[in-house]
Number of protein chains: 2
Amino acid sequence: MTTIKEIARRANVSIGTVDRVLHNRGRVSKETKEKVRRIIEQLDYRPNIFARNLKLSKAFSFGVLMPNPSQDSKYWELPIKGITKAQNELLAHKVRITYFHYDKYSENSFKRASNAAFKANLDGLLLAPVVSEVFDKFVQEIPDHLPYIFFDSFVPNANYVSYIGQDSFQSGVLAGRLMEILVKEKATIAVIKFLPRDYHIDDRASGFLSYLGENSKISPKTYEVDSSGSIEYCQQITESIINDNQNLCGIYVTNANTHPIAECIKSKSLAGKIHIIGYDLIEENIRYLKEGVIDFLISQMSEKQGYEGVFALYKHVVLKETVNKRMRMQLDIITKENVDYYQS
Amino acid sequence: MTTIKEIARRANVSIGTVDRVLHNRGRVSKETKEKVRRIIEQLDYRPNIFARNLKLSKAFSFGVLMPNPSQDSKYWELPIKGITKAQNELLAHKVRITYFHYDKYSENSFKRASNAAFKANLDGLLLAPVVSEVFDKFVQEIPDHLPYIFFDSFVPNANYVSYIGQDSFQSGVLAGRLMEILVKEKATIAVIKFLPRDYHIDDRASGFLSYLGENSKISPKTYEVDSSGSIEYCQQITESIINDNQNLCGIYVTNANTHPIAECIKSKSLAGKIHIIGYDLIEENIRYLKEGVIDFLISQMSEKQGYEGVFALYKHVVLKETVNKRMRMQLDIITKENVDYYQS
DNA sequence: ACTTTTGTTGTGAACGTTAACGCACTTTAA
DNA sequence: TTAAAGTGCGTTAACGTTCACAACAAAAGT
């Protein structure tokens with residue numbers, strides 16, 4: 001392995017000069033710079049990260065800006081799991097992580113959280129921009145020197161380092177295919193869109209409908225519900241949906257809020273008759289999956305999103321490696337039979 | 001962060017003594033050892049890996065003992081992809097990887113490969129023990145000081161560091177469930193076991209049959225084929241299977257050799273009528289999956305197996321961290337709609 | 001002709017860990 | 001009894017990188 005010392009020797013300069021060239025810190029004459037540059041390229045020099053980090057041994061501080069973990073049926077606990085895992089692995093690398101949680105439904109709460117994040121003197125920020133309008137403005141205010149990575153969803157025109165998330169439309173297409181396999185005969189399907197203003201929701205539904213559009217035997221019917229879906233409320237909806245469609249064979253729920261619907265179907269002893277496809281490996285969903293009430297859950301790999309998010313920040317900020325601008329998460333199909341292998 | 005220096009200060013000894021305690025290198029009195037141990041625990045000391053590796057800066061050499069990548073329908077190219085990825089990420093960490101390929105069907109070839117591996121002065125070995133009888137003997141001959149990790153399959157009573165692979169039985173169960181969903185009416189299903197002596201094959205078939213045993217509407221029929229399955233040979237088998245069962249609605253192939261069967265079904269224009277479930281994301285399988293001839297592929301996460309295998313070796317050998325004795329790979333369900341997200 | 005500034009380069013300490021070495025002392029063997 | 005071997009500890013150089021600082025010369029300002 002080539003070292004700075006070796007380069008210095010070949011260029012007849014000191015290691016200090018080589019260092020200045022490497023880091024563009026000026027104070028080197030053009031000719032020397034050129035000479036050193038050539039030798040660096042020629043020898044394909046790569047800095048020894050152990051030595052670099054030993055010397056620097058700076059504590060890096062990352063922030064995570066995301067909704068309260070209790071919201072969205074505790075969905076947000078999943079990425080936190082992954083973040084915690086990454087945090088443990090990076091313990092020796094002096095990475096500190098601070099959470100800035102906000103209430104999805106309160107702009108004030110978000111402002112408080114984001115202000116705190118800005119004041120925290122962070123080296124990097126991982127954020128889930130679930131409230132579109134608010135975040136459009138917010139990303140403009142992020143200081144230039146603070147690199148940030150989106151997970152879950154993203155703001156298109158922002159100057160982000162990377163976006164880690166799922167292709168929502170295609171996950172809807174996948175759900176369509178699965179639903180088609182599940183219901184064989186002519187049938188009506190309900191698509192339930194809780195909180196239709198949230199990211200993903202629309203894209204997932206569009207994907208689902210676009211797939212089934214090519215198929216004549218299934219007629220989907222969409223229901224928008226502007227609430228996070230309490231169990232009583234879901235009871236009402238489910239009943240009205242069942243009454244609406246005498247030939248209802250399946251329900252597609254476009255987010256993690258699948259379990260209350262499952263509970264209703266179960267309580268009406270319709271499990272197996274009305275198939276359910278939903279999202280995300282939260283505890284309650286898993287319970288109904290194992291009971292056979294939910295047929296398929298599509299996973300966003302939420303845990304991995306958190307894990308990869310932190311690692312991408314680490315690579316970008318600490319190791320100064322380049323990270324992919326887009327990390328597509330797999331569209332995992334989870335059933336009763338394989339769910340146990342998806343929980344760490 | 002606690003350092004050796006700090007521990008030495010608190011214990012009133014030199015850093016040399018602390019180092020000896022940490023590495024059990026003797027030459028320390030019982031009392032001092034105890035005292036230092038207590039302080040180490042108390043402060044939750046963790047060595048700085050940057051400093052350690054900077055100092056050591058030894059080049060580590062790992063070996064990979066596995067079948068020729070061309071065998072099993074080029075299945076083995078998949079783990080190699082993952083190994084290569086890990087190799088690139090560990091470039092700066094001075095990890096060198098040497099392959100020792102063998103012909104699955106030649107014991108001589110295996111002996112040559114394994115001897116070469118033993119002579120190569122390795123720091124760790126990653127191996128896929130696909131030929132059971134031969135490997136039972138082989139693992140006894142591995143020198144004590146050479147740590148090894150199994151991937152794909154494993155030898156039960158060996159002294160391995162970790163085994164990375166899939167739960168074959170359960171993957172059969174999963175295939176059973178999917179098959180049940182695919183074929184609705186009373187139907188006959190063929191289970192094709194190519195190379196029934198290979199690992200996995202039996203377990204997968206058992207899992208499949210055990211699931212369908214609880215279900216009366218599907219009657220499975222097993223076919224054992226003691227060949228890797230040339231296209232002509234598969235033609236014969238497929239025809240005889242179709243002739244055998246007038247009500248054939250599905251075929252379950254227990255390994256990567258799914259594509260020749262798919263080709264036959266396609267050429268007979270039976271795609272969609274006879275459903276196919278198979279294994280592994282090799283190129284040809286993916287083609288038939290996208291064409292709609294294969295309904296589901298179950299992935300062993302072969303790429304990840306290679307990747308994690310190398311990293312587990314790295315963690316065990318280089319970082320001296322503890323690694324899990326068993327790393328279960330997920331049972332990924334792959335369809336036409338999500339396959340693109342499973343290829344890096 | 002002098003100080004001051006600017007430009008270019010070299011020097012050396014520090015980061016935390018490892019392990020060889022040396023010193024003083026004690027035990028064992030011939 | 002005396003050399004050899006063993007025990008318990010401290011000291012120190014080295015790994016490769018970073019960066020503050022010193023050193024010196026040349027150019028610019030007074």
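So you know, we letter chains A, B, ... as the sequences are listed, proteins then strands, and number each from 1.
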What's the [atom1]-[atom2] distance between [X] and [N], to the nearest Å?
| X | N | atom1 | atom2 | result |
| --- | --- | --- | --- | --- |
| A:Arg20 | C:dT11 | CZ | P | 11 Å |
| B:Glu6 | C:dT17 | CD | C1' | 16 Å |
| B:Leu56 | D:dA14 | CG | C1' | 12 Å |
| B:Ile15 | D:dT11 | CD1 | P | 9 Å |
| B:Glu31 | D:dC9 | CD | C1' | 13 Å |
| B:Ile40 | C:dT17 | CD1 | C1' | 13 Å |
| A:Phe50 | D:dA14 | CZ | P | 22 Å |
| A:Arg52 | D:dC15 | CZ | C1' | 16 Å |

Taking the minimum atom-to-atom distance to the side chain of A:Thr3, which one of D:dT18, C:dT17, D:dG16 wins?
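Comparing D:dT18, C:dT17, D:dG16 against the side chain of A:Thr3, the answer is D:dG16.
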In terms of side-chain heavy atoms of A:Leu54, which of D:dT17, C:dC15, D:dA14 is nearest?
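Given the options D:dT17, C:dC15, D:dA14, the side chain of A:Leu54 is closest to C:dC15.
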Mind telling me whether A:Tyr99 and A:His101 have parallel, tilted or perpendicular rings, with 30° and 60° as the class edges?
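Answer is parallel, since the angle falls under 30°.
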Can you classify the ring geometry of B:Phe135 versus B:Phe110 as parallel (below 30°), tilted (30 to 60°) or perpendicular (above 60°)?
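Answer is tilted, since the angle falls between 30° and 60°.
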Looking at [X], I'd like to know whether one of its side-chain N or O atoms comes within less than 4.0 Å of OP1 or OP2 on [N].
| X | N | result |
| --- | --- | --- |
| A:Thr17 | C:dG10 | yes |
| A:His23 | D:dT18 | yes |
| A:Ser14 | C:dG10 | yes |

Given A:Val36, which partner from the list A:Val13, A:Asn12, A:Val28, A:Asp19 fulfils the side chain to side chain contact (heavy atoms under 4.5 Å, CB included) test?
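Single pass found, and it is A:Val13.
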Test side chain to side chain contact (heavy atoms under 4.5 Å, CB included) applied to B:Ser162 and B:Lys325, B:Met327, B:Glu308, the passing residue
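Passing option: B:Met327.
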Tell me if a side-chain donor or acceptor on [X] pairs with a main-chain N or O of [Y] at a distance below 3.5 Å.
| X | Y | value |
| --- | --- | --- |
| B:Asn48 | B:Ala51 | yes |
| B:Ser109 | B:Asp103 | yes |
| A:Tyr163 | A:Asp152 | yes |

Can you name the atoms? Protein N/O to nucleotides 4-8 of chain D N/O, anything below 3.5 Å, with the distance.
from  : atom 1 : to      : atom 2 : distance (Å)
D:dG8 : N7     : B:Arg27 : NH1    : 3.0
D:dG8 : O6     : B:Arg27 : NH1    : 3.1

Work out how much the helix from C:dT3-D:dA28 to C:dA30-D:dT1 bends between its end axes, five pairs an end, to the nearest 10 degrees.
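End-to-end axis angle: 50°.
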When you check the side-chain N and O atoms of B:Tyr342 and A:Asp332, is any donor under 3.5 Å from an acceptor?
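The answer is yes; a qualifying pair exists.
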Determine, step by step, whether B:Phe100 and B:Tyr102 satisfy the ring-ring contact (aromatic ring centres under 6.0 Å, His included) criterion, reporting the C-alpha distance in whole Å, the side-chain angles of both residues, the deciding distance to 0.1 Å, and the verdict.
CA-CA 7 Å; B:Phe100 302 93; B:Tyr102 58 87; over 10 Å; no
